[in-house]
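Here's the structure we're looking at; comments come further down.
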Amino acid sequence: MFPSSNFPSQGQFLLLTDEPSSAADFLLHKSLNSHLKGSSKSRCIVLSVSESLARWKAVSARSNTNLDSYINSESLEFVDVCAASDPPNLKAPSSAPFRPVLDELRSKLGSNGAEYPLVILDDISSLEWIGFSVLDLTRFLRALLALIFKFDASLIVRHHIITPGDPDDLLRFLLELCTFHMEVRTLSSGRSGAVSGEIALHPGRTTVPTGFRTVARARAVQYRLTDAGSVFFEKGTGEAVL
Amino acid sequence: MSSFKRKVSSKQVALPLGTRISPSSPATTITSTGIPSFDDILGGGLPLSCTSLTLAPDQHSAYGELVQKYFIAQGLASGQRICVVDEFAKEFVKDSMWMPNTASPVPPSPKEMERDEEEEEAAGGVEKSIKIAWRYEQMKQFQTTVPRISEEDYCRTFDLTCQLPASIVDSATAESTMTFLTTKLADGSTSLVESTISAITDLLHKDVQGQSSTPIPRRICVPALGSCQWGDMTSHDICRFLHALRRLLRRYNHACASLSLAPHLCADAWGGPGWVNKLGWLSDACISMSAFTADPSLSELFPNHHGLLRIHNLPAPHTILSPSDKHSTLRGVSSSVSSAGGGGENNLAFRCMRKRLVFETLHLDVEGGVGERRTTRSTNSVLLEAVSPKEHHHHDHSESGHIGEPTVQVQLESVAPVTVNLAEGVEGNASVKKPTKVKKKVGFRSDKPDLYDF
């Protein structure tokens with residue numbers, strides 16, 4: 001099964017990048033569902049920038065996960081980053097716009113002992129686009145990562161790549177911090193019904209060799225989106241080929 | 001009588017005006033954009049709580065505004081609430097198209113309209129009676145776009161030659177089903193984006209307050225975001241507006257929005273590298289209509305179309321897979337799954353005819369490959385034919401007519417095999433009543449593409 005259910009594991013930071021017409025939502029939903037279903041004591045905190053809780057619920061309901069029950073039992077918590085943080089003000093920049101988010105996250109992580117919490121930030125690039133400076137965002141990410149290590153949690157951050165092949169400042173920074181970089185790419189031949197895109201998994205700068213298998217771009221795993229989720233298959237073994 | 005009976009749920013929730021349930025998810029309510037082929041691309045229509053952004057980077061045409069006008073006209077026709085955010089909103093709305101023959105009690109059926117269009121396309125009556133090889137006779141005519149939907153209420157038939165009657169706008173404004181918001185700074189606010197968003201929030205809040213469980217849908221239309229009336233907007237401002245509007249619509253899911261950007265903002269040149277992709281990520285549906293008016297070589301290459309359509313993002317409010325991927329005929333992604341052909345997405349283009357705007361699949365001409373079963377004459381010959389009869393007339397009445405012209409045409413005939421019809425015209429001129437059989441060029445699409453795969 002790809003990706004494996006306990007990925008990312010404790011203290012790991014997975015950077016998830018996607019391109020237009022191959023959005024990585026499905027991987028976030030998959031990680032969330034498999035994490036929540038993994039153990040009764042597992043917890044998840046979603047820091048959402050653009051999507052509403054309603055969509056998370058609707059998509060999870062398709063794969064037979066009732067998020068409401070998890071929210072009631074406080075296994076899943078949802079933080080709206082835009083509402084919690086100070087709005088970006090270009091004329092008088094706030095010194096620490098994300099402090100309220102981090103404070104909230106710290107209190108949630110420290111509140112009760114869970115096995116290992118998973119934190120999902122969806123997504124960091126929208127924050128940059130709506131006017132937060134790269135400096136603010138890098139500070140936020142560092143603080144976020146410090147919290148993750150402190151509470152032995154794991155982190156998934158999603159970043160949209162808008163200029164494929166030409167990484168911007170924020171992406172460079174993220175690549176330096178991450179443990180793994182999962183890259184969801186469109187096929188160079190464009191979209192088709194049989195293959196939606198391909199996924200590669202690269203080790204990050206801070207990866208300690210643990211025998212975890214990475215996937216090079218040349219051998220990228222292909223996927224096809226379905227109603228309820230996704231189907232993964234090796235390159236060249238798609239429905240259209242066989 | 002069968003003992004099995006289909007269970008009918010007695011409590012069927014009434015759908016809001018002018019909407020229907022999305023074919024892919026029962027949770028999604030969709031509404032029409034007013035253009036059947038655009039609805040098809042979106043997977044049935046624009047879902048409520050979603051934003052749709054139309055980019056038209058060409059300065060010399062206004063296809064973005066045309067899409068907005070369809071959106072407004074459809075909203076008015078189906079009795080939904082509309083809010084137009086523009087300084088000259090009323091003038092903009094009054095310019096919209098409307099349904100044909102509104103005076104007569106029975107509007108013309110879609111089929112009649114279809115026929116009108118066919119006549120308009122000047123295919124000529126000869127085409128119908130042409131005998132072609134028996135094995136191709138049963139084949140349907142090659143379709144490049146989707147037919148109109150039979151349900152009149154969901155997507156009305158609009159005619160670009162009809163103008164929206166002023167009385168309808170006035171009565172809608174009086175009943176406050178239509179609201180105009182001007183772009184101006186609210187007191188105490190420093191940003192136009194924030195004050196506009198808060199004005200829209202107030203409006204949506206009022207909609208929900210006075211209503212029962214299913215409020216009447218509200219369409220928000222921003223015809224020219226970032227134009228001069230919006231002041232000096234930065235790319236951050238536009239992103240913030242799109243982001244805030246989308247978050248707002250997620251909260252008030254009885255509304256949907258359709259936006260267009262000012263033409264100069266629709267290209268990467270304005271917002272830096274990746275700007276269009278950014279816009280795609282920040283809206284639920286994002287298409288760009290790049291018209292050929294800026295590039296004459298393209299309009300020569302595709303004489304039947306007026307521009308290319310690119311899809312940047314498609315709405316999927318309750319599913320991972322966008323409904324469009326499963327249900328869009330024009331994009332053709334779903335059909336390639338079933339036939340296991342693994343073919344890609346169709347190329348799309350648009351065409352604005354006298355009466356309507358259509359999005360169609362784009363095919364190379366016969367010269368460029370066998371991608372199309374072609375039963376109409378090549379456009380060159382149609383063009384020539386359109387010119388020639390006048391000249392004959394002229395030639396008949398004046399003896400000192402242009403002798404040079406027919407000779408030029410005869411030369412053409414000898415050069416190009418296309419000018420079969422022209423030859424007919426010339427013969428007619430020489431008053432020789434020999435019935436000539438029009439030669440047909442029939443290229444065809446084969447069901448087994450491997451025959452032609454090299």
Side-chain angles (χ1 to χ4, degrees), chain A residues 18-21 23 25-30 48-55 57-59 61-63 80 82-83 87-91 123 125-132 160-164 166 168 187 189-196 224-230 238-242, chain B residues 24-25 27-28 49 190-191 193-194 234-244 246-247 249-251 253 268 271-282 286 311-314 316-323 325-326 331-345 347:
Chain A
D18 54 1
E19 292 174 11
S21 79
D25 304 41
F26 72 101
L27 282 176
L28 289 182
H29 287 281
K30 200 174 162 62
S48 177
V49 177
S50 347
E51 260 331 316
S52 61
L53 180 60
R55 181 165 195 267
K57 281 184 188 168
V59 172
R62 289 235 156 191
S63 52
D80 190 344
C82 281
N89 189 344
L90 301 176
K91 281 167 190 151
D123 54 65
S125 20
S126 297
L127 288 175
E128 189 197 355
W129 299 340
I130 62 174
F132 287 105
H160 300 310
I161 293 183
I162 50 168
T163 50
D166 182 20
D168 52 10
L187 294 183
S189 55
R191 186 77 186 266
S192 86
V195 186
S196 306
R224 179 163 55 86
L225 294 182
T226 59
D227 261 350
S230 46
E239 209 176 293
V241 183
L242 295 181
Chain B
S24 74
S25 153
T28 316
S49 84
T190 51
S191 144
V193 169
E194 257 92 79
T234 60
S235 61
H236 286 313
D237 288 331
I238 288 177
C239 289
R240 212 179 309 162
F241 184 81
L242 291 174
H243 188 255
R246 191 155 79 146
R247 276 167 51 84
L249 293 187
R250 294 290 193 269
R251 256 167 60 204
N253 51 14
D268 277 350
W275 167 243
V276 175
N277 285 343
K278 228 184 248 188
L279 293 174
W281 279 117
L282 286 170
C286 183
I311 299 168
H312 303 292
N313 201 1
L314 287 163
H318 299 103
T319 46
I320 282 180
L321 187 69
S322 155
D325 283 12
K326 273 179 81 181
R331 289 179 66 221
V333 173
S334 55
S335 62
S336 64
V337 166
S338 54
S339 67
E345 202 172 337
N347 294 320

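We name chains A, B, ... by the order of the sequence lines, and we start the count at 1 in each one. The model shown is predicted, which means the values in this text are computed figures rather than measured ones.
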Task: B:Asn313 side chain near B:Leu279 side chain, heavy-atom distance below 4.5 Å - done: no
Task: Heavy-atom check, side chain of A:His160 versus side chain of B:Asn277, under 4.5 Å - done: no
Task: Pick from B:Val276, B:Ile311, B:Leu321 with the largest number of heavy-atom pairs that fall under 4.5 Å of chain A - done: B:Leu321
Open item on the list: What's the separation between atom CG in B:Leu282 and atom SG in B:Cys239, rounded to the nearest 0.5 Å?
Closed with: 5.0 Å
Open item on the list: So for A:Arg55, is it side chain, backbone, both, or neither that comes closer than 4.5 Å to the heavy atoms of chain B?
Closed with: both
Task: salt bridge (Lys or Arg N to Asp or Glu O under 4.0 Å) against B:Arg247, all qualifying residues, sequence neighbours excluded - done: A:Asp80
Open item on the list: Tell me if a side-chain donor or acceptor on A:Arg224 pairs with a main-chain N or O of A:Ser230 at a distance below 3.5 Å.
Closed with: no
- [ ] Could you walk me through whether A:Trp129 and B:Arg240 pass side chain to side chain contact (heavy atoms under 4.5 Å, CB included), step by step?
- [x] CA-CA 8 Å; A:Trp129 299 340; B:Arg240 212 179 309 162; over 6 Å; no
- [ ] Give, as side chain, backbone, both or neither, the part of A:Thr226 having an atom under 4.5 angstrom from any heavy atom of chain B.
- [x] backbone
Task: Residue, of A:Leu53, A:Leu187, A:Val49, A:Asp166, that accumulates the most heavy atom pairs under 4.5 Å with chain B - done: A:Val49
Open item on the list: Under 4.5 Å from any heavy atom of chain B, what part of A:Glu51 do you find: side chain, backbone, both or neither?
Closed with: side chain
Open item on the list: With a 4.5 angstrom heavy-atom cut-off, is it the side chain or the backbone of B:Ala316 that approaches chain A, or both, or neither?
Closed with: both
Task: Most chain A-contacting option - heavy-atom pairs closer than 4.5 Å, from B:Pro323, B:Cys286, B:Ser322, B:Pro317 - done: B:Pro317
Task: Euclidean distance, A:Asp18 CG relative to A:Ile162 CD1, rounded to 0.5 Å - done: 12.0 Å
Task: Which atoms of B:Pro273 approach chain A - backbone, side chain, both or neither, heavy atom under 4.5 Å - done: both
TODO: Among A:Ser126, A:Ser196, A:Ala83, A:Cys82, single out the residue with the greatest number of heavy-atom pairs under 4.5 Å to chain B.
DONE: A:Cys82
Task: Close side-chain approach of A:Phe26 to A:His29, heavy-atom, < 4.5 Å - done: no
- [ ] Check each atom of B:His243 against the heavy atoms of chain A and say whether the ones under 4.5 Å are side chain, backbone, both or neither.
- [x] side chain
TODO: Side chain from CB out, backbone as N, CA, C, O: work out which of these in B:Ser24 comes under 4.5 Å of a heavy atom of chain A, or both, or neither.
DONE: backbone
- [ ] Among the options A:Val59, A:Asp25, A:Leu225, A:Ile130, pick out the one with the most heavy-atom pairs lying under 4.5 Å from chain B.
- [x] A:Ile130
